[in-house]
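These notes are about the structure you will find just below.
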Amino acid sequence: MFARIRWWHFRHDDHRYSHAPAAALTIVKSMSLADVRAALNAELSATPEFYDFKVLHTERDGALWRVTLDPGYVYAEGQRPGQTSAHALLDDSLDGASAWWGAPAKGGASVLAVVPEEDQLVLQNASSAPPGPDQLIRLYPTRFLNAVADAWSDTPWAEQAMAALPDLTRPQAAAGPALTGEPFRWLRPAQRQALQLVQHSSAFLWGPPGTGKTTTLGVLLAEYLARRPQARVLLLSTTNQAVDVATIAVDKALHKGRREPLRVAVQRLGTRFDAAMYAGREHLIPTQDRDLIARLARAEAARPHARDAAALKTWTDRVAALRDELRTSSLQVLQRCRLASMTTTRAAFTLKTLRELSPDGDPPFDLLVFDEASQVSLAHALILMPLARARLFAGDPQQLSPVLRSSDRGARRWLGRSAFGEMPRQGASVAMLDEQSRMAAPIGELVSQMFYDGLLRVAEAARQSDEWWAARRRAFGDVPAEQHVHVHAVKTEGGWSAEARGPVRRESAEAIAQAVANALSTGDWAAHEVIVLTPFRAQRALIRVRLRALGVTEAVKVSTVHRAQGSEAPVVLFDPADGRQPFLQTEEAQRLINVALSRAQAKVMLYLSAADLSNPLLAPIVHRQRLAGDAREVVPLLMLAAAADFPANALGRRVAAGRQVGEVARISTDGAQLWLINERTGASQVIDAAFWRARAAAARG
């Protein structure tokens with residue numbers, strides 16, 4: 001069921017939304033703004049406004065406070081006490097959260113930093129002494145969804161947003177000259193085809209991992225600015241890092257296309273950018289002081305560890321002062337630039353300002369681009385769509401969808417899905433990039449067969465590059481250079497830990513930590529070349545603990561899969577912790593596993609137990625590895641079905657059932673069905689024995 005891509009994957013929450021345009025129009029008419037508002041309220045209600053942590057120890061550190069928390073107790077608003085854990089919640093997403101306490105005296109502060117390995121908060125600007133042992137401290141994380149909800153409460157604007165919904169499924173022709181991509185002769189065929197997406201009022205650039213989606217988007221926008229001299233673009237992405245990457249891709253394309261005068265018309269809005277990425281590209285940041293970017297980059301590169309609270313405070317104040325200078329100098333940027341880039345969150349918070357760019361009520365932009373669009377909820381995208389005459393959604397619907405807490409049906413419809421859920425089944429408004437140059441061929445083939453119906457392939461230029469192959473043929477511990485997909489057998493099963501408040505597996509955590517420590521000790525591998533991924537925060541915390549115990553102090557990235565989309569590394573180690581968990585057998589888990597596997601360039605190492613192989617998403621990986629290069633004779637199932645002992649005679653044999661080839665792994669007790677493990681996809685397929693007996697009888701005449 002999960003093994004191959006199907007169009008219903010993009011419309012999984014309600015099949016009513018996936019039918020013909022006429023049906024879609026009927027549905028849109030029946031929808032109301034109340035539906036969207038109710039969905040937003042349901043999600044806000046399911047999202048804790050605050051977390052109460054129990055304090056173990058508090059100590060002053062100069063002007064700062066260090067608060068060590070009890071990892072076994074957290075109360076989240078609306079949840080049972082102890083339902084989650086500090087281990088699970090404490091990460092850098094809480095940086096900047098507001099803190100409050102009622103004893104020993106009422107007070108508040110802001111979270112300067114989180115030290116997750118020590119279950120510790122570093123607080124600044126405290127109005128009184130924070131609570132002591134066995135007392136509670138409350139954190140209020142930023143709830144970005146509030147800005148989207150506020151926008152939907154503006155009825156005239158929200159009605160415009162709702163009216164744009166049918167255009168996603170049935171885009172209209174958009175005026176303007178076609179893009180030729182003439183300066184970019186190296187574009188692959190699918191990339192060149194993608195340039196024509198600007199001829200539609202709504203369009204989708206589908207970029208599977210490693211296919212050059214960001215490069216393609218950069219070329220498209222560079223060409224768009226050049227071919228349409230009066231056009232204005234708003235470029236959005238989900239994270240500050242993604243905005244930086246997309247903005248620089250446009251600048252690179254303008255440079256390569258010899259459109260130097262246009263480079264200053266591209267401006268990166270917001271102050272949370274990575275200054276080091278703009279070395280030599282200071283013109284992209286709205287400031288007259290070009291040296292300011294270099295000073296900021298140097299300051300950011302010198303960030304001290306959160307354990308050194310005093311140094312961290314000094315560093316934070318210095319960086320904040322530099323960013324304040326930038327904020328002051330960027331007030332008029334939106335009025336004069338031709339391409340402005342920012343996060344989707346900032347766009348929601350500054351929607352009023354963006355709307356006022358066009359005082360006559362017309363859309364202020366000609367093209368609105370959503371990068372990493374699969375992670376932007378439909379409600380979030382829709383409320384921004386009236387800002388432009390045309391929209392382009394760039395991303396991959398087979399990767400992670402928007403994070404959703406609520407189980408409400410309306411919340412799933414409007415907040416658990418992206419605009420890709422409305423994408424047409426086919427047509428010129430959809431362009432899929434089908435050549436990847438990230439993953440070694442065996443990894444790419446695994447990802448292609450499991451998630452892209454076999455359409456994804458290694459780019460020809462990569463195949464012919466000795467340098468590309470050499471970078472992907474490196475031994476990692478006992479895994480030889482020529483092996484790219486490796487399954488490490490784990491003997492013990494994972495399970496829920498009351499202490500960690502999440503699924504953990506100590507054996508795989510120890511094995512991963514040992515493998516990483518050994519690889520780094522040889523000097524053949526650097527810390528930045530390795531990523532460790534797991535679906536669960538509790539297992540992530542355990543792996544980090546085991547790495548520290550082995551003396552691994554380098555910055556090896558140990559992350560949940562949700563925080564890894566957009567990254568890549570030569571080696572990825574993936575630990576599901578407990579494949580029996582219901583979450584890991586959902587459609588969202590399919591996307592999660594796709595993300596985990598497709599981060600790898602040279603090697604992907606999976607740590608799997610026997611129970612993990614009962615998972616319909618993990619078992620195909622092992623089956624493909626086992627059946628790869630199977631040299632046994634392929635016996636036509638039609639021939640076996642003519643024998644009296646069918647289907648028993650097929651068990652364990654390599655057979656061909658029509659165009660499907662694989663191994664018969666199981667037969668039902670009544671002999672009515674047999675299960676074929678497809679050697680191409682690794683998926684299990686049910687075959688009806690009576691059907692093949694009938695075919696065999698008909699063939700005998």
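We're numbering straight along the sequence, starting at 1.
- No hydrogens or angles considered: a donor-acceptor pair under 3.5 Å links the side chains of Ser401 and Glu588.
- Partners of Phe184 under the side chain to side chain contact (heavy atoms under 4.5 Å, CB included) rule, at least two apart in sequence or in another chain, are Trp186, Leu187, Val219, Glu223, Ala253, Lys256, Arg259.
- Looking only at side-chain heavy atoms (C-beta outward), Leu456 and Thr211 come within less than 4.5 Å of each other.
- Looking at heavy atoms from C-beta onward, Leu339 lies out of side-chain contact with Arg232 at the 4.5 angstrom threshold.
- Here the closest heavy-atom approach between residue Leu404 and residue Ala411 is recorded as CD1-O, 3.8 Å.
- Counting heavy atoms from C-beta outward, Tyr224 and Val233 have side chains that approach closer than 4.5 Å.
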Decide side-chain hydrogen bond (donor to acceptor under 3.5 Å, both in side chains) for Trp414 and Asp35; before the verdict, give the C-alpha distance in whole Å, the side-chain angles of both, and the deciding distance to 0.1 Å. CA-CA 9 Å; Trp414 295 104; Asp35 295 331; 5.5 Å; no
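- In this structure, a donor-acceptor pair under 3.5 Å is absent between the side chains of Glu43 and Ser406.
- A donor and an acceptor atom, one from each side chain of His255 and Glu260, are located under 3.5 Å apart.
- Note: Gln196 CD to Thr180 OG1 = 8.5 Å, rounded to the nearest 0.5 Å.
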Would Ser201 and Asp167 satisfy side-chain hydrogen bond (donor to acceptor under 3.5 Å, both in side chains), going step by step from the backbone distance to the final call? CA-CA 7 Å; Ser201 54; Asp167 191 68; 2.7 Å; yes
Using the side-chain hydrogen bond (donor to acceptor under 3.5 Å, both in side chains) rule, take Tyr278 and Asp251 through it: C-alpha gap first, then chi angles, then the decisive distance, then the call. CA-CA 11 Å; Tyr278 292 87; Asp251 188 59; over 6 Å; no
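- Going from atom CG of Leu269 over to atom CG of Leu284 covers 11.5 Å, rounded to the nearest 0.5 Å.
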For Leu235 and Leu221, run side chain to side chain contact (heavy atoms under 4.5 Å, CB included): C-alpha distance rounded to whole Å, both residues' side-chain angles, the deciding distance at 0.1 Å, then the answer. CA-CA 9 Å; Leu235 170 60; Leu221 293 177; 4.2 Å; yes
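- Legend: residues meeting side-chain hydrogen bond (donor to acceptor under 3.5 Å, both in side chains) with Glu445, ordered by chain and number and at least two apart, are Gln449.
- Counting non-hydrogen atoms of neighbouring residues, nucleotides and ligands closer than 6.0 angstrom, the CG atom of Asp362 exceeds 12 such neighbours.
- Between Phe393 and Phe420, the ring centre distance reaches or exceeds 6.0 Å.
- Rounding to the nearest 0.5 Å gives a distance of 11.0 Å between CE of Met450 and CD of Gln398.
- A salt bridge links Arg417 with Glu422; the closest basic N to acidic carboxylate O contact falls under 4.0 Å.
- Residues Thr247 and Val266 meet the side-chain proximity criterion, which asks for heavy atoms closer than 4.5 Å.
- Note on Lys213 versus Asp371: salt bridge recorded, some NZ/NE/NH1/NH2 to OD/OE distance being below 4.0 Å.
- A salt bridge does not link Glu568 with Arg599: none of the charged nitrogens is closer than 4.0 Å to a carboxylate oxygen.
- Side chains of Gln601 and Met439 form no contact here, defined as non-hydrogen atoms less than 4.5 Å apart.
- Between the Arg438 side chain and the Ala600 main chain, no donor and acceptor come within less than 3.5 Å of each other.
- The side-chain heavy atoms of Met385 and Leu168, taken from C-beta on, include a pair separated by under 4.5 Å.
- A pairwise comparison of heavy atoms in Pro402 and Ser374 identifies CD-O, 3.1 Å as the closest pair.
- Inter-residue side-chain proximity for Pro424 and Pro171 is flagged as met; some heavy-atom pair is nearer than 4.5 Å.
- Not one N or O on the side chain of Trp152 forms a donor-acceptor pair closer than 3.5 Å with the backbone of Trp157.
- Checked by atom type, the side-chain pair Arg346/Asn240 shows no donor-acceptor distance below 3.5 Å.
- With a 4.5 Å cut-off on side-chain heavy atoms, Leu392 and Leu220 count as touching.
- Interatomic distance, CG of Asp396 versus CZ of Phe204, reported as 13.5 Å (0.5 Å rounding).
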Go through the steps to decide whether Tyr452 and Asp434 satisfy the test side-chain hydrogen bond (donor to acceptor under 3.5 Å, both in side chains), and finish with yes or no. CA-CA 9 Å; Tyr452 299 98; Asp434 56 5; over 6 Å; no
Please report the C-alpha distance between Leu351 and Leu384 in whole Å, then the side-chain angles of each, then the deciding distance to 0.1 Å, and finally whether the side chain to side chain contact (heavy atoms under 4.5 Å, CB included) criterion is met. CA-CA 8 Å; Leu351 180 56; Leu384 299 177; 3.9 Å; yes
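- Taking CG of Leu145 as the reference point, atom CG of Leu44 lies at 4.5 Å (rounded to 0.5 Å).
- Counting heavy atoms of neighbouring residues, nucleotides and ligands inside a 6.0 Å radius, atom CD of Gln160 exceeds 12 of them.
- Listed by chain and residue number, nothing satisfies the side-chain hydrogen bond (donor to acceptor under 3.5 Å, both in side chains) test with Ser377 (two or more places apart in sequence, or in another chain).
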